[in-house]
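Okay, so here's the structure we're looking at.
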2 protein chains.
Amino acid sequence: MTGKQNEAAMPPLVLEDFIPYRLNKAAEAISQRFASQYRDEYGLTRPEWRTLATLGQFGALSATAIGAHSSMHKTKVSRAVFSLEQRHWLKRKRDDADRRTEHLELTQAGRKAYQHLATMAHDYETELFARLGERGAKELKAGLAALEAYYRQGR
Amino acid sequence: MTGKQNEAAMPPLVLEDFIPYRLNKAAEAISQRFASQYRDEYGLTRPEWRTLATLGQFGALSATAIGAHSSMHKTKVSRAVFSLEQRHWLKRKRDDADRRTEHLELTQAGRKAYQHLATMAHDYETELFARLGERGAKELKAGLAALEAYYRQGR
DNA sequence: TCTATTTAGTTGCATTTGTGACGATCTTTT
DNA sequence: AAAAGATCGTCACAAATGCAACTAAATAGA
């Protein structure tokens, strides 16, 4: 007999080859690198950054809408909004038609920070792509797109 | 003038196109799906699962080694080990040469759970690849490999 | 050998996160 | 128009996480 595998051997799982693990680790590494930029420069947390980015992108939104667009839980958004409000980076306005809702909008200072951070984000991504090489970048985007198509629709 | 962009327009960052965000979201979605399996079936947390998987893969390891292999902080490992010990899924053995170190090893029950979970993990990955299609799966793996090569070495 | 430094693992404390309940408001049903 | 239900955002509480200090043990330096 040549290379027949040991009978009892279930293919042992190799954690560092397991896709969910690899994805998590990569996501954490890549995010962390960028996070340290906005943390060092502005002391922002990730929820705060996401909130800022979402408002910068869309103008005025409700807290619920921010959560929907940036995949964050209600309470995370609520706390991030509070914190950005403390910095005077955003203002709240009650909706007159529906007074439960508040419209959140960046202030001048908020927009300025957003401009800066958006530029940093853009640069970060550009450098990342450069390091991955044209091929790696293309594969990464394609792989992510495939994943998104998978989990976007229900099952 | 035709389609010249608005002069003032900084390319606004589109969060859902931003790679760190996309990676995080994808990793969370994909991990969560599998996590709910071991959570529902065994009530395991993610650190516990990783610890179990690492021990299942390597046999006996120290807590430090588990952390190194599964990218977890000391304290996470410590708590996961404690919890798995409570379930009688692992045993500790002091190293005689270096009595600070403990060698952690799965019990019979621990190995049995591991076998089951490793199979589930394998099946999950197989199904994931099937849904991604041959092409998507290939691109995902290549993209991850590129990322890993990038952040593995220093900068 | 005695001291200083490093390492393994745990624990207390502070911070972050998620869960559930809540008041307020709007919508739907009857 | 009254009651029942849903939605918006917040808060109190519990669970998970990270950080720093700690004990115990090993190693290195004097």
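Letters A, B, ... mirror the listed sequences (proteins, then strands); counts begin at 1.
Screening residues 138-148 of chain B for side chain to side chain donor-acceptor pair (under 3.5 Å) gives A:Arg22-B:Glu148, B:Arg135-B:Glu139 as the qualifying pairs, with residues at least two apart or on separate chains. Applying the salt bridge (Lys or Arg N to Asp or Glu O under 4.0 Å) test to pairs two or more places apart or on separate chains, those with a residue in residues 43-60 of chain B are B:Glu28-B:Arg46, B:Glu48-B:Arg87. For residues 102-118 of chain B, the set of pairs meeting the salt bridge (Lys or Arg N to Asp or Glu O under 4.0 Å) definition, not counting sequence neighbours, comprises B:Arg92-B:Glu102, B:Lys93-B:Glu105, B:Arg94-B:Glu102.
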Atom pairs and distances, donor-acceptor, side-chain atoms in residues 64-78 of chain B, under 3.5 Å, two or more places apart:
unit_1, atom_1, unit_2, atom_2, d
B:Ser70, OG, B:Ile66, O, 2.7
B:Ser71, OG, A:Tyr21, OH, 2.7

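Applying the ring pair (Phe, Tyr, Trp, His ring centres under 6.0 Å) test to A:His88 and every residue at least two apart in sequence or in another chain returns nothing. For A:Trp49, the ring pair (Phe, Tyr, Trp, His ring centres under 6.0 Å) partners are A:Phe34, A:Tyr38, not counting sequence neighbours. For the side-chain hydrogen bond (donor to acceptor under 3.5 Å, both in side chains) test, no residue two or more places apart in sequence or in another chain qualifies with A:Asp123.
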The contact string for nucleotides 3-16 of chain D, one letter per nucleotide 5' to 3', using protein heavy atoms under 4.0 Å with B, S and - for base, sugar-phosphate only and none, comes out as ---BBSBBBB----

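Read 5' to 3', the first and last nucleotides of DNA chain C with an atom closer than 4.0 Å to a heavy atom of chain A are C:dT17 to C:dC26.
The CG atom of B:Asp95 sits 19 Å away from the P atom of D:dA24 (whole-angstrom rounding).
Across all strands shown, A:Ala80 has no heavy atoms under 4.0 Å from either base or sugar-phosphate atoms.
Put simply, the side chain of B:Leu55 does not reach to within 4.5 Å of the side chain of B:Trp89, judged on heavy atoms.
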